[in-house]
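Contents: one structure, followed by commentary.
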Amino acid sequence: QSALTQPPSASGSPGQPVTISCTGTSSDIGVYNYVSWYQQHPGKAPKLMIYEVTKRPSGVPDRFSGSKSGNTASLTVSGLQAEDEADYYCSSYAGGNNFVVFGGGTKLTV
Amino acid sequence: QVQLVESGGGLVKPGGSLRLSCAASGYIFSDYYMSWIRQAPGKGLEWISYISDTAGIEQYADSVKGRFTISRDNAKNSLYLQMNSLTVEDTAVYYCGRVSVGRREFDYWGQGTLVTVSS
């Protein structure tokens, strides 16, 4: 059982927006502004898409955005494209012995 | 460009040992913390260990503490994971990841190496 809770699936039509939620606790998401999101295509390595809640690494399209409220973080993909179909994992710095905890992943279907 | 290439995975019996390696290139290896993250078949990601840039700090998830040992050789731009007392629950794809400058996420990942623990 993963430390962070994500919906197992999400879907949207090309050009439409979709939001994926990630719920943690007051020991991780609720207390740290270190939420990250990773994209993983089948058989591939995860790719960092969002870090520190809202920041995008160089090269990540600006249709990907992140936010946080309380113990829940969200990833929004605006203007879905076919290549966005993948698994998405959230993570949060948790400090102490846990360092980083992950969600169980959300399969996004376009 | 940053490249991380894992090796050393394979089939091992319960109670056995295995040593994974990760070869890094495209950046100054000794400037970054490094980590191992694993993904059991059909499951999510699990952080298992990190090591500081100078190897002075190591941390482990409770699930592997006392059985796994992380190490690095900055002269060889390489990261290692010695895995002992393996159980079927350790079956997973093991990824090496570069810990970002902010030390709160993983900005580059390798392609992974599969470890299967089975009798």
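Proteins get letters first, then strands, A, B, ... in listed order; numbering begins at 1 in each. Just so you know, these numbers come straight off a predicted model, no measurement behind them.
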Using the rule that Ile, Leu, Val, Met, Phe, Trp and Tyr join whenever any side-chain heavy atoms are under 4.5 Å apart, tell me whether [X] and [Y] fall into a single cluster.
| X | Y | result |
| --- | --- | --- |
| Val117(B) | Val64(B) | yes |
| Met34(B) | Met83(B) | yes |
| Leu79(B) | Val99(B) | no |
| Leu75(A) | Val18(A) | yes |
| Val115(B) | Tyr80(B) | no |

Query raised in the report: Would Tyr108(B) and Lys47(A) satisfy side-chain contact (heavy atoms from CB on, under 4.5 Å), going step by step from the backbone distance to the final call?
Result: CA-CA 7 Å; Tyr108(B) 287 94; Lys47(A) 175 185 176 183; over 6 Å; no

Quick one: [atom1] on [X] to [atom2] on [Y], what's the gap to the nearest 0.5 Å?
| X | Y | atom1 | atom2 | answer |
| --- | --- | --- | --- | --- |
| Gln39(B) | Tyr89(A) | CD | OH | 4.0 Å |
| Asp87(A) | Leu45(B) | CG | CG | 9.5 Å |
| Phe99(A) | Ser35(B) | CZ | OG | 6.0 Å |
| Arg104(B) | Ser92(A) | CZ | OG | 10.5 Å |

In residues 101-110 of chain A, what donor-acceptor pairs under 3.5 Å come from side-chain atoms, sequence neighbours left out?
| from | atom 1 | to | atom 2 | distance (Å) |
| --- | --- | --- | --- | --- |
| Thr106(A) | OG1 | Gln6(A) | NE2 | 3.0 |
| Thr106(A) | OG1 | Pro7(A) | O | 2.5 |

Sequence neighbours excluded and cut-off under 3.5 Å, please list the side-chain donor-acceptor pairs for residues 50-59 of chain A, or say none.
| from | atom 1 | to | atom 2 | distance (Å) |
| --- | --- | --- | --- | --- |
| Glu52(A) | OE1 | Lys55(A) | NZ | 2.6 |
| Arg56(A) | NH1 | Phe64(A) | O | 3.3 |

Please classify the contact of [X] with chain A as side chain, backbone, both or neither, using a heavy-atom distance under 4.5 Å.
| X | value |
| --- | --- |
| Lys43(B) | backbone |
| Gln59(B) | side chain |
| Ile37(B) | side chain |

Report task. With side-chain contact (heavy atoms from CB on, under 4.5 Å) as the test, would you mind laying out the steps for Phe106(B) and Val100(A) before giving the verdict? Result -> CA-CA 10 Å; Phe106(B) 312 106; Val100(A) 164; 4.1 Å; yes

Query - Non-hydrogen atoms of Ala45(A) and Gly110(B) that approach each other most closely - result: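 Here Ala45(A) and Gly110(B) meet closest at CB-O, 2.8 Å.
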
Query raised in the report: Only one of Trp109(B), Trp47(B), Tyr95(B) clears ring pair (Phe, Tyr, Trp, His ring centres under 6.0 Å) with Tyr38(A); which?
Result: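 Only one of Trp109(B), Trp47(B), Tyr95(B) forms a ring pair (Phe, Tyr, Trp, His ring centres under 6.0 Å) with Tyr38(A), namely Trp109(B).
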
Query raised in the report: Does NZ in Lys76(B) sit with more than 12 non-hydrogen atoms of other residues, nucleotides or ligands closer than 6.0 Å?
Result: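 Counting neighbours around NZ of Lys76(B), 12 or fewer heavy atoms of other residues, nucleotides or ligands fall under 6.0 Å, so no.
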
Query raised in the report: Side chain, backbone, both or neither: which part of Ser36(A) has a non-hydrogen atom closer than 4.5 Å to chain B?
Result: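 Just its side chain gets close to chain B.
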
